[in-house]
Amino acid sequence: MQAQHEIENAMPAASDKLNIESIRRDFPILNLKVHGRQLVYLDNAATTQKPQVVLDAIQRYYTEQNSNVHRGVHYLSQLATREYEGARVKIQRFINAAESHEVIFTHGATEGINLIASSYGRKFVHEGDEVIISAMEHHSNIVPWQMLCEQVGAKLRIIPINEKGELLIDDLEAMINARTRLIALVHLSNALGTINPVKRVIDIAHSHDVPVLLDGAQATSHLKIDVQELDCDFYVFSGHKVCGPTGIGVLYGKSQWLESMPPFMGGGDMISSVSFEKTTYNSLPYKFEAGTPNIEGAIGLGVALDYLTGIGIDRIAEYENELLDYATEVIGSIPGVKLIGTAREKSSVLSFTLENIHPHDIGTILDQEGIAIRAGHHCAQPVMKFFNVPATARASFSFYNTKQEIDTLAEGIQRVIEVFG
Amino acid sequence: MQAQHEIENAMPAASDKLNIESIRRDFPILNLKVHGRQLVYLDNAATTQKPQVVLDAIQRYYTEQNSNVHRGVHYLSQLATREYEGARVKIQRFINAAESHEVIFTHGATEGINLIASSYGRKFVHEGDEVIISAMEHHSNIVPWQMLCEQVGAKLRIIPINEKGELLIDDLEAMINARTRLIALVHLSNALGTINPVKRVIDIAHSHDVPVLLDGAQATSHLKIDVQELDCDFYVFSGHKVCGPTGIGVLYGKSQWLESMPPFMGGGDMISSVSFEKTTYNSLPYKFEAGTPNIEGAIGLGVALDYLTGIGIDRIAEYENELLDYATEVIGSIPGVKLIGTAREKSSVLSFTLENIHPHDIGTILDQEGIAIRAGHHCAQPVMKFFNVPATARASFSFYNTKQEIDTLAEGIQRVIEVFG
Amino acid sequence: MSDISELYQQVILDHNKKPRNFRKLESANREQEGYNPLCGDQLTLYLEMDGKVIKDIGFQGSGCAISKASASMMTAAVKGKTKDEAEVLFDEFHRMVKGELDPEKEENHLGRLTILSGVREYPARVKCASLSWHTLHAALENKDEAVSTE
Amino acid sequence: MSDISELYQQVILDHNKKPRNFRKLESANREQEGYNPLCGDQLTLYLEMDGKVIKDIGFQGSGCAISKASASMMTAAVKGKTKDEAEVLFDEFHRMVKGELDPEKEENHLGRLTILSGVREYPARVKCASLSWHTLHAALENKDEAVSTE
Ligand SMILES: Cc1ncc(COP(=O)(O)O)c(C=O)c1O
Ligand SMILES: Cc1ncc(COP(=O)(O)O)c(C=O)c1O
């Protein structure tokens, strides 16, 4: 009910612009006061806030539908199963997967990548083989591959980046060889904002019969994702970064890969039959969903994606680009500010340093002004090392942010400079 | 606020009995009508319902506290971290763990067992070694061990059970040998209701220096758990079976084991530093918590356990035993009913069959009467095989159930018999 | 609320109690396993094919009243039919229990099988009714793997 | 809301800009790494011990103003002190930044170090202030592993 109303409000027929005031009303937390100031939430790359419709869906689930899924004949179990599987179909549509069983519910992007590293890895990556990642990966897309490579004796190879934070894609061709088993690449970098030329990477990889995993943890909330058009072999993302709940995420995989891979975890739901002598595994997607899933999380994520679709991902992207351009202008022109990550293709993330002032001090002082940004290595220490900074301050934007908030951020940075004299 | 109020209501000073009417008001879903009838929810072993305080905590989290944890200096991030780590301490107290870092958040019992099988397994279980489970395990405590044993060439050994569904503990001593690396045992069987003599198993195991993992998925909501008194090495359970949300669970492990084990998944939060040359892992509990955790789930679980503690686990256990005794009497005396699982030590689960009527037909007909029970193999196919039944009907009780509901179940079963003539 | 006796009609209860063709077929030249992993319903189908014709058919297994009655009625319905005729029935039956074919409105060859149409009101039980049909379909296609309705 | 200038006092900003003893100590006979994995703050501590006495001390590394100023002030405070005296300071400092010791109310040996007491209002930054102290503590205990405040 309310969702519908708010979404309509957000889309005034007369204009193609977002009605930000109306959208902000959908997010109750945005009214919060922090240290006596109006909250300015610019930490969206860490996690997004949730619209009321998602909270309502969770409430409704627990007050009218809650049951375990899949194994029950009773009413609630049927209802919960329908809602849970309905969420899978919503996600299938959102990313335009060919089949709903190519959508595996995970607990987040990190688990999705670990699933591939463990399951695909155990089956297809052997001693002497190679896996390629890039120099701008999140730790979630580094450590699982390091663990795999160490276990099987494979080699991890790194596509380098340039000073703007762009992928040196020309180096990729020379890096692929007969031992290359997978390329795992971030779609949109959380530390730099870089949008990678994933379509070209996939084309190159496929011309060598190498599959590609995209880490879409950041991309999914800012770009229209079409896994069939991208032709990626695997795609992962997290619910909590696309206005959904924590503890839920998605792994998309092409059927033929998922069919050929062994299960990741063992337990209920992922089996077809169990005996002490012989256990046979269930078909997709259940083979990869052991145990009771995060039912409320899946349902909440489905509603979150509906909400985003209701506003329109293209319009969201357009508005966010406007915000980023404005922030780049306003923040970038403050004396002493250095932007980290200046790729031509970029979205929603503004990483920066201030001369002689450590990002943590920036973070603490801004926090006193009610402004939430992130200060640190953003789980991308190799990126920090590349740019030779211990950390950066990072403001990251969502469609519910405003230019006024960016102005407040600029004032906050002036205050930081003042404090440090 | 409300929680306090309701909990106090539930504990009238004058009596040591539970005030069930008041408790039921805490669970909004119990008012539901199903097929025009009052819902009678007797599928608690599959998942429990949630008290309003848990839903309120989730709402509050998202409207006042939501942020990513651990890595932020800003207010919301601090708040979310405090709530998340506060939940860890609540859980520590609930199971009486010595240290809060011995409490690892997982996504459920299934993930907890898989974590041990993968991490402990990879480190300590080698070719020719043995792992012991029992004949009454849930698939979650069978399949991970089958997968491990197949991968490393170890052997899975099974402690048998008797016709009552009791563990033949005398067989255990003979089964343990120098190659035994772990005993993984269900604390309270979901298919039979049997409470295993886990203290004795642990004593025997430890006298041979063999560690013990207990699957507490069922036990945690029905028995007082004290991991130090039990002296178990690992203990797992799921939030959704103890009045908490789905998608969250707990792995308890003794520090010395957890310290010695390699990480399960790689990603953010579980590292101390990452470079392409060398990555070092974080300390406990973070080493085992890769990626953004289920923050709302952890907080909701903490509140759920507070709620149970507020009522009193001992009083819950006492009341549930009363319910089980009553149900055993009333249902067990219906002609044609055969109880499956008649262990002397038993709790909260009544598995049964009806002569010549398949459990699924029982389930469907009861559902039309508004009664939710489970019909199937309960993810324990080896148990079904042992009792030579394809499936059972299972009514499982929680402290919010009543004797009247058991009477309704008895009438429902009469109706089933009628339909089948 | 639909009346439960719509689902459990006398004919169905009767097929459940005394299933037709409930036997291992010694003369079988095709054998097919069917399995419903969620319920544990299990069935083995034996076919004696004479060219394109199902000359004889039998089944064994365990399952609920719906799956047993459905299997029994299926065997009775397809015995003596050709592969193609059986496939038509499979398609029509499948659509009927999923609520996509209303036997009162759309022309069909289901005959007595329409007694099982009540199942469409019970989504949890559709798989029970269709397990034997899926197994038949696989047997006719001569697939190697066990069939599962999941 | 506590005033931010309570935290970033002039003395602290000054130590941040011109940290004392900010150098590799060639004469060091103990060296200890300290690391805050959440922030990325990193520091190497060099100690020249003469028996029980900290004869000389130096540090290098990178971190925020709080961690750098704290390290600088720590080195100034413990130089020339005995191991036991330094451990007393470690304990007192640690309790002060965690809000367990109020330097106005409880007798202590903190002296100028109390300037850092403002940190207790900023839970996220307590680790920054205490990293160098933890590292010192480890160096005095002669632990082998790198110290981490996690
Ligand atoms: C005894 C037992 N172990 C393990 C599990 C698995 O729990 P989950 O599905 O929440 O991971 C269950 C739940 O059915 C159970 O009853
Ligand atoms: C690019 C990228 N990949 C992976 C992740 C990990 O996501 P999660 O922590 O939700 O598993 C993140 C989140 O920080 C990210 O930004």
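In what follows, chains carry the letters A, B, and so on, assigned in the order in which the sequence lines appear, proteins first and then strands, with residues in each chain numbered from 1.
- B:Ser118 places no side-chain N or O within 3.5 Å of a backbone atom of B:Asn114 that could act as its donor or acceptor partner.
- Ranked by heavy-atom pairs shorter than 4.5 Å toward chain A, the options B:Val143, B:Thr364, B:Val274 are led by B:Val274.
- Contacts of B:Ser273 with chain A are made by both backbone and side-chain atoms, with heavy-atom separations under 4.5 Å.
- Judged purely by distance below 3.5 Å, without hydrogens or angles, the side chains of A:Asp367 and A:His35 pair a donor atom with an acceptor atom.
- Heavy-atom distances place the side chain of B:Leu39, and not its backbone, under 4.5 Å from chain A.
- Of all the listed residues (A:Ala298, A:Ser238, A:Gly268), the one sharing the greatest number of non-hydrogen pairs under 4.5 Å with chain B is A:Gly268.
- Considering only heavy-atom pairs separated by less than 4.5 Å from chain B, the leading option among A:Glu137, A:His138, A:Gln65, A:Gln151 is A:Gln151.
- Among the candidates A:Gly370, A:Pro262, A:Pro245, A:Gly249, the residue making the largest number of heavy-atom pairs closer than 4.5 Å to chain B is A:Pro245.
- No hydrogens or angles considered: nothing links the side chains of B:Gln78 and B:Thr81 as a donor-acceptor pair under 3.5 Å.
- For chain A, the nearby part of B:Leu32 is the side chain; its heavy atoms alone come within less than 4.5 Å.
- Proximity to chain A (any heavy atom under 4.5 Å) is restricted, for B:Ile373, to the backbone atoms N, CA, C and O.
- Looking at B:Val383, neither its backbone nor its side chain comes within 4.5 Å of chain A, counting heavy atoms on both sides.
- Other residues, nucleotides and ligands contribute only 12 or fewer heavy atoms inside 6.0 Å of the CD atom of A:Glu150.
- Residue contact with chain A, scored on non-hydrogen atoms closer than 4.5 Å, involves the side chain of B:Gln146 exclusively.
- Proximity of B:Leu79 to B:Ser67: side-chain heavy atoms (C-beta onward) are nowhere separated by under 4.5 Å.
- For a residue to count as touching a neighbouring chain, one of its non-hydrogen atoms must lie under 4.5 Å from one of that chain's; by this rule A:Ile158 touches chain B with the side chain only.
- The shortest side-chain heavy-atom distance between A:Ile113 and A:Asp215 falls under the 4.5 Å cut-off.
- Contacts between B:Tyr41 and chain A at a heavy-atom distance below 4.5 Å involve the side chain alone, from C-beta outward.
- For the set B:Ser275, B:Ala380, B:Gly108, B:Ala375, the count of heavy-atom pairs under 4.5 angstrom toward chain A peaks at B:Ser275.
- For chain A, the nearby part of B:Met270 is the side chain; its heavy atoms alone come within less than 4.5 Å.
- Heavy-atom distances place the side chain of B:Leu76, and not its backbone, under 4.5 Å from chain A.
- Side-chain atoms of A:Lys241 come within 3.5 Å of backbone N or O of A:Ala46 as a donor-acceptor pair.
- With a threshold of 4.5 angstrom between heavy atoms, B:Thr63 approaches chain A through its backbone and through its side chain.
- Contact annotation for B:Asn68: both backbone and side-chain heavy atoms come within less than 4.5 Å of a heavy atom of chain A.
- Using a 4.5 Å cut-off between heavy atoms, B:Glu111 touches chain A through backbone and side chain atoms alike.
- Looking at B:Asp269 and B:Asn282, their side chains never come closer than 4.5 Å, going by heavy atoms from C-beta outward.
- With a 4.5 Å cut-off on non-hydrogen atoms, B:Pro293 touches chain A through its backbone but not through its side chain.
- The candidate with the highest count of non-hydrogen atom pairs below 4.5 Å against chain A, out of B:Gly291, B:Ala372, B:Cys379, B:Pro28, is B:Ala372.
- Here A:His107 is the residue among A:His107, A:His360, A:Lys50 with the most heavy-atom pairs under 4.5 Å with chain B.
- Of the atoms belonging to B:Asp43, it is side-chain heavy atoms, and not backbone ones, that fall under 4.5 Å from chain A.
- Using a 4.5 Å cut-off between heavy atoms, A:Leu55 contacts chain B through both its backbone and its side chain.
- No side-chain heavy atom of A:Thr110 sits under 4.5 Å from any side-chain heavy atom of B:Thr292.
- The backbone N or O of B:Asn44 lies less than 3.5 Å from a partner atom in the side chain of B:Ser396, making a donor-acceptor pair.
- Ring centroids of B:Phe105 and B:Phe288 are separated by 6.0 Å or more, keeping the two rings apart.
- Side-chain contact between B:Thr47 and A:Asn66 is present, with heavy atoms from C-beta onward closer than 4.5 Å.
- Aromatic rings from B:His377 and B:His139 are positioned such that their centres are separated by under 6.0 Å.
- Contact count against chain A (heavy-atom pairs under 4.5 Å) is highest for B:Ser140 among B:Gly376, B:Ser140, B:Gly363, B:Pro263.
- Ranked by heavy-atom pairs shorter than 4.5 Å toward chain A, the options B:Gly266, B:Ala290, B:Gly247 are led by B:Gly266.
- Between A:Glu277 and B:Lys385, at least one side-chain nitrogen of the basic residue sits less than 4.0 Å from a carboxylate oxygen of the acidic one, meeting the salt-bridge criterion.
- Of the N and O atoms on the side chains of A:Glu83 and A:Tyr61, not one donor lies less than 3.5 Å from an acceptor on the other residue.
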